[in-house]
Amino acid sequence: MMTGNNAADAKTEVEGGLDPTAKASGAHAPAGRSRVYGALVLTLVACSFAMGRCSVPRAPVDAVASEGEVEPRAYVCPMHPQIRLKSQGKCPVCGMDLAEEVSTEAPSSSDEIKLSERSKALAKVGVAEVERSTGARELHLLGTVVPDESRLRAVTSWTGGRIDKLVIRTTGAQVRRGQVVAELYSPELYAATRDYLVALNRSDEGGIGSAAGGWMDGATRAARARLELLGMQAAAIERLEKSRKAPKTVKVRSQFSGTVIERRVETGNFVTAGAPLLSLADLSRVWVEVEAFESDLPLLTVGQEVTVTPSATGGDPFSGTVAFIDPVLDVAARTAKVRVEVSNPRGELRPGMFVHARVRSKLDAEPGLLSIPETAVLWTGRRSIVYVEKPGAEMPTYALREVVVGPKAGSVYPVRSGLSEGERVVTRGAFVLDADLQLHGKTSMMDMEGDVDRASRASLVVTDGMLASLEPVLRGYLDAQEALAADDLTRGRAALDKLATVATDLTPDGTSKATEQWDKIASSLIGDARRAHRAAADADLRSAFEDLNAPMTRLLSQFGNPLSESVQTAFCPMAFDNRGAGWIQRTGSLANPYYGAAMLRCGEVSATVASGERLARRGAGAAAPPQAETQ
């Protein structure tokens with residue numbers, strides 16, 4: 001028990017410790033007492049704080065969660081999942097709006113991903129069933145108007161002589177049937193005409209029925225037959241009999257109606273019998289010759305309806321019919337000519353005019369073909385993949401699956417293999433799922449194996465000379481890629497034209513197997529480059545350039561990098577309405593050829609291929625091409 005003096009001392013210590021005047025006057029408590037006093041104060045404060053916290057009831061965690069959604073931990077870029085920021089904004093790589101981070105379960109297998117219902121809603125995942133349907137695909141082709149060869153005619157001279165007057169002197173003039181086109185002097189015809197008139201006069205003088213008259217009548221018939229053999233018409237002979245005057249010139253009349261497309265003579269020219277004077281074309285029906293790429297030929301048949309629209313005027317469309325498909329392919333351009341017959345009663349389609357031809361091809365050859373929406377398909381070069389929803393799973397689960405699809409038919413793709421009727425495929429949010437697989441280090445679309453299997457690639461022997469000969473091909477592609485990334489489409493078209501020419505003229509010196517593989521690549525490469533070069537619209541040029549990625553990737557995969565510098569393969573999942581597209585570029589900053597300056601840095605580098613190395617599957621490392629043995 002504390003005594004009175006002790007209590008007073010304690011009070012003095014507390015009051016002395018709290019009294020500022022004590023410190024100012026130099027009265028200090030002993031050091032030991034100060035330590036006791038400080039500990040006592042801290043203890044009292046701590047107890048008060050603890051008693052206050054214990055006295056406030058805490059709300060259950062579930063109650064807090066029920067009041068609203070939990071704030072996301074981070075915001076990520078759907079195109080670049082490595083970008084994670086604490087606040088919403090723009091992706092520093094591609095400029096896209098950041099989205100809430102989707103919380104997923106760890107994949108149960110290498111190609112599956114699980115989502116909670118909330119995460120599924122955040123990812124905005126949409127699905128659609130695989131259905132059986134018949135679709136249609138529209139082909140847009142560029143064509144040229146030419147005359148219908150079956151309606152070409154030539155106005156010829158029916159006798160030999162000198163052209164004294166050319167009535168029709170201009171091309172493009174309209175000529176009617178029976179119209180005089182030229183007058184010519186024919187010595188032979190003039191002499192035969194005078195002989196016939198002499199015979200007529202003598203026959204009239206000799207009288208009918210007499211011996212002399214009978215002889216003269218025979219001479220008259222012979223002279224008339226000579227005129228007929230020289231080409232004089234019966235009507236002209238009758239006019240001659242009435243006038244009894246031999247004209248010095250004769251008229252050449254057209255036997256046809258049409259438009260003059262070529263004039264072959266001048267006034268004063270000597271012509272022989274049957275020599276063509278003018279070429280006429282009946283333009284009431286014309287041909288439209290279009291060039292179809294070999295990949296489009298299966299969709300074209302004789303008798304198909306075609307809609308033709310003039311390129312320059314953009315006037316009313318014309319209806320035509322496919323009349324002929326060339327059975328021989330242009331080796332350099334990888335195209336075949338398709339002839340379309342079009343009715344042209346008002347002459348609005350003129351020979352030489354460029355037109356757009358639109359062919360709607362129905363895929364009725366395979367009734368009940370499976371189809372999926374075009375937004376469900378992700379492309380990796382020439383391969384296509386989809387994400388399939390697993391039925392009966394406790395949580396929404398999606399699996400990566402490779403499929404084989406046919407030519408696009410409207411807004412759907414026909415499915416050749418890989419899916420069954422009734423399965424559900426992801427049509428929206430597939431890139432978010434793929435990005436999550438990438439973050440977990442699992443198989444994604446970026447890891448899909450190329451079109452050439454690894455065994456055949458590894459066994460292909462490439463000589464140094466053959467690899468070096470491919471350098472202009474890759475440089476031509478890179479020139480086009482850099483031009484498109486710089487939005488210099490004129491230079492891009494020129495580079496693509498040069499690339500097609502280089503690939504056409506190239507005959508690499510290598511093993512027979514390597515040469516065979518190059519021929520397969522060149523066949524696709526040349527056709528794609530030609531089509532890209534001839535693309536009318538800028539968007540069509542970039543779309544056609546995307547087709548070059550597959551053959552060029554095969555070139556790097558099978559033969560290796562022929563340049564003395566490294567190159568990179570890149571991929572932009574956002575290109576072509578989120579279908580995605582890849583390209584090859586020189587090492588350095590991303591240069592997206594599909595967007596140009598609009599989103600130049602959109603995408604990510606998927607692999608780097610050093611000089612002389614082959615493009616390997618992602619994560620497998622690069623490999624040097626096997627060289628031919630030297631003796």
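We count residues from 1, following the sequence as given.
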Evaluate the side-chain proximity of Arg554 to Lys520: yes if any heavy-atom separation is below 4.5 Å, no if none is. no

Could you check if a side-chain atom of Leu496 sits within less than 4.5 angstrom of a side-chain atom of Leu541, using non-hydrogen atoms only? yes

Report the C-alpha separation of Asn269 and Leu166 in whole Å, then their side-chain angles, then the decisive distance to 0.1 Å, and conclude whether the side-chain contact (heavy atoms from CB on, under 4.5 Å) test is met. CA-CA 10 Å; Asn269 289 157; Leu166 192 61; over 6 Å; no

I'd like to know if the side chain of Gln481 and the backbone of Ala591 have a donor-acceptor N/O pair within less than 3.5 Å. yes

Look at the side chain of Thr511 and the backbone N and O of Ala514, then say whether any donor-acceptor pair between them is shorter than 3.5 Å. yes

dist Thr159:OG1 -> Leu189:CG (nearest 0.5 Å) comes out at 5.0 Å

Taking all heavy atoms of Val355 and all of Leu349, pick out the closest pair and write down the distance. CG1-CD2, 4.3 Å

Short side-chain to backbone donor-acceptor contact, Asp195 and Ala223, under 3.5 Å: no

Closest contact, heavy atoms only, Ser384 versus Val405: OG-CG2, 3.9 Å

If you define the side chain from C-beta out and look only at heavy atoms, does anything of Glu183 sit under 4.5 Å from Lys248? no

Do Arg177 side-chain atoms and Gln255 backbone N/O form a donor-acceptor pair below 3.5 Å? yes

Mind running side-chain contact (heavy atoms from CB on, under 4.5 Å) on Val473 and Met552 for me, showing each step along the way? CA-CA 9 Å; Val473 177; Met552 292 304 300; 4.2 Å; yes

Could you tell me the separation between the OG atom of Ser279 and the CZ atom of Arg153, rounded to the nearest 0.5 Å? 12.0 Å

Closest non-hydrogen atom pair, Thr463 against Gly510: OG1-CA, 4.2 Å

Would you call Val461 and Lys513 a side-chain contact if the rule is heavy atoms closer than 4.5 Å? no

I'd like to know if the side chain of Tyr594 reaches the main chain of Leu484, judged simply by a donor and an acceptor atom lying under 3.5 Å from each other, with no hydrogens or angles considered. no

Quick check: closest heavy atoms across Ala480 and Gly492, and the distance to 0.1 Å? CB-O, 4.2 Å

Between Ser186 (side chain only) and Gly160 (backbone N and O only), is there a donor and an acceptor less than 3.5 Å apart? yes

Quick check: does any side chain N or O of Gln517 sit under 3.5 Å from a backbone N or O of Phe559, one acting as donor and the other as acceptor? no

Say you draw a straight line from OH of Tyr185 to OG1 of Thr249; how long is it, rounded to the nearest 0.5 Å? 10.5 Å

Please examine the side chains of Leu277 and Arg264, heavy atoms only from C-beta on, and report whether any two atoms are closer than 4.5 Å. no

Quick one: pull up CG in Asp488 and CD in Glu482 and give me the separation to the nearest 0.5 Å. 11.5 Å

Is any side-chain heavy atom of Val403 less than 4.5 Å from a side-chain heavy atom of Tyr413? no

So that I can tick it off, tell me whether Arg224 and Glu241 are bridged by a salt bridge, with the cut-off set at under 4.0 angstrom between side-chain N and carboxylate O. yes

side-chain contact (heavy atoms from CB on, under 4.5 Å) with Val338: of Val359, Val290, Val288, only one passes, and it is Val290

Heavy atoms of other groups near Glu421 CD, more than 12 under 6.0 Å: yes

Are Tyr477 and Phe545 an aromatic pair, judged by ring center distance below 6.0 Å? yes

Taking Asp479 for its side chain and Ala495 for its backbone only, find out whether a donor-acceptor pair lies under 3.5 Å. no

side-chain contact (heavy atoms from CB on, under 4.5 Å) assessment of His356 paired with Leu142: CA-CA 5 Å; His356 288 287; Leu142 184 65; 4.2 Å; yes

Strictly distance-based, threshold 3.5 Å: is any side-chain N or O of Asn201 a donor or acceptor partner for the main-chain N or O of Leu197? yes

Positive for side-chain contact (heavy atoms from CB on, under 4.5 Å) with Gln174, one of Leu283, Thr259, Ile168: Thr259

Kindly say whether Ala323 contributes a backbone atom to a donor-acceptor pair with the side chain of Thr321 at under 3.5 angstrom? no

Separation between OG1 (Thr504) and CZ (Arg334), nearest 0.5 Å, reads 9.5 Å

Give the minimum heavy-atom separation between Lys251 and Trp158, together with the two atoms involved. O-NE1, 3.3 Å

Would you check if Glu291 and Lys337 make a side-chain contact, meaning some heavy-atom pair closer than 4.5 Å? yes

Mind running side-chain contact (heavy atoms from CB on, under 4.5 Å) on Arg350 and Val145 for me, showing each step along the way? CA-CA 6 Å; Arg350 308 171 187 272; Val145 178; 5.9 Å; no

Tell me, please, which residues at least two apart from Asp487 pass side-chain hydrogen bond (donor to acceptor under 3.5 Å, both in side chains). Arg542

If you measure only the distance, is there a donor-acceptor pair under 3.5 Å linking the side chains of Trp583 and Asn549? no

Around atom CZ of Arg176, are there more than 12 heavy atoms of other residues, nucleotides or ligands at under 6.0 Å? no

Looking only at non-hydrogen atoms, find the nearest pair between Val302 and Ile325 and report the distance. N-CD1, 4.3 Å

Could you check whether any side-chain heavy atom of Phe354 comes within less than 4.5 Å of a side-chain heavy atom of Thr144, counting everything from C-beta outward? yes

Residues, nucleotides or ligands: over 12 heavy atoms within 6.0 Å of Glu305 CD: no

Verify whether one side chain among Arg169 and Thr267 offers a donor that lies under 3.5 Å from an acceptor in the other. yes

With a 4.0 Å cut-off, would you call Asp282 and Arg151 a salt bridge? yes

Determine whether more than 12 heavy atoms belonging to other residues, nucleotides or ligands lie under 6.0 Å from atom CG of Asp519. yes

Phe256 side, atom CZ; Leu280 side, atom CG - distance, nearest 0.5 Å: 8.0 Å

